Amino acid sequence: MKSNIVARKYEVTPDIKSRLEKKLAKLDKFFPEETSATVTFSSKRGRDNVEITIFYKSMTYRAEVYETDVISGIDKAVDIIERQIRKNRTKLEKRLRDNAFEQAPDEGYEDIAEEKITISRNKRIEVVPMSAEEAVLQMNLTSHDFFVYKNDKDAKINIVYKRYDGGYGLLEVE
């Protein structure tokens, strides 16, 4: 797996880099060599942030961890991604590398029963042209975590959402 390291106001030492490569090697059994991982290191309020994002075949695997120690943050982030893959094993076997789950025994992982996905509610919405700021206002007024709207500039469907850090995100359709 190829890794792209991004450091935002953070110095990545050779020890951190070697630990990262060692931990990402655990995920090589799931992905072919051409898969790329973007690892972002930053520091906020005295805590180190490790964000690992893996893009492969239209799927995105992502983990973000805040820790006081960056090494433990790397360990936890890789474990989160591995847990995501193992939890959704049957759904992902078609998308991941052939024999990805046959190569290594599931040491230390209990067999997680596959959860059945059920849609409990179907709702129709009217998509109204507005700006992103208006969409955030509407989202806050309805107390939802996201809001779908039509961009008033290019008439494309966009989504605004609340982020865990208190900010807002914008998804734009290409």
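Model, not experiment: these values are computed from the prediction.
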V136 vs K162, test: side-chain contact (heavy atoms from CB on, under 4.5 Å). Steps then yes/no. CA-CA 9 Å; V136 169; K162 287 184 183 176; over 6 Å; no
Could you check Y149 against E134 for side chain to side chain donor-acceptor pair (under 3.5 Å), going step by step and ending with a plain yes or no? CA-CA 9 Å; Y149 70 100; E134 290 173 301; over 6 Å; no
Looking at N49 and Y66, would you say the former's side chain and the latter's main chain have a donor-acceptor pair under 3.5 Å?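 Answer holds: no.
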Give me the ring orientation class for F41 and Y10: parallel if the planes are under 30° apart, tilted from 30 to 60°, perpendicular past 60°. parallel
Can you find a heavy atom in the side chain of V127 that is under 4.5 Å from one in the side chain of I157? yes
Does some side-chain heavy atom of N4 sit less than 4.5 Å from a side-chain heavy atom of V39? no
In Å and rounded to the nearest 0.5 Å, what is the [atom1] to [atom2] distance from [X] to [Y]?
| X | Y | atom1 | atom2 | value |
| --- | --- | --- | --- | --- |
| S18 | I71 | OG | CD1 | 7.0 Å |
| L27 | K29 | CG | NZ | 7.5 Å |
| E33 | D28 | CD | CG | 8.0 Å |
| D75 | K22 | CG | NZ | 8.5 Å |
| L24 | T35 | CG | OG1 | 11.5 Å |
| S131 | D152 | OG | CG | 5.5 Å |

Can you see which heavy atom on [X] is nearest to which on [Y], and at what distance?
| X | Y | value |
| --- | --- | --- |
| D165 | G167 | OD1-N, 3.0 Å |
| I54 | A37 | CG1-CB, 3.8 Å |
| A63 | A77 | CB-O, 3.5 Å |
| E67 | V65 | CG-CG1, 3.6 Å |

So, F31 versus F55, ring centres under 6.0 angstrom or not? no
Please evaluate residues I81 and Y61 with respect to the criterion side-chain contact (heavy atoms from CB on, under 4.5 Å), reporting the C-alpha separation (whole Å), side-chain torsions for both, the decisive distance (0.1 Å), and the verdict. CA-CA 6 Å; I81 291 177; Y61 307 89; 4.2 Å; yes
Should I125 and V128 be counted in the same cluster of Ile, Leu, Val, Met, Phe, Trp and Tyr side chains packed under 4.5 Å apart? no
Is it possible for you to say whether V12 and L20 belong to one hydrophobic cluster, with membership spreading through side-chain heavy-atom contacts below 4.5 Å? yes
For V148, which of N158, V160, I159 qualifies under side-chain contact (heavy atoms from CB on, under 4.5 Å)?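 Exactly one candidate clears the test, I159.
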side-chain contact (heavy atoms from CB on, under 4.5 Å) between M130 and K150, worked out: CA-CA 6 Å; M130 63 180 68; K150 187 185 290 189; over 6 Å; no
When E51 is tested against each of R62, R8, K76 for salt bridge (Lys or Arg N to Asp or Glu O under 4.0 Å), which residue passes? R62
Are [X] and [Y] within salt-bridge range, i.e. N to O under 4.0 Å?
| X | Y | result |
| --- | --- | --- |
| E21 | R19 | no |
| K2 | E34 | no |
| E82 | K26 | yes |

Report the C-alpha distance between I16 and I74 in whole Å, list the side-chain angles of each, state the deciding distance to 0.1 Å, and finish with yes or no for side-chain contact (heavy atoms from CB on, under 4.5 Å). CA-CA 9 Å; I16 294 171; I74 291 170; 3.9 Å; yes
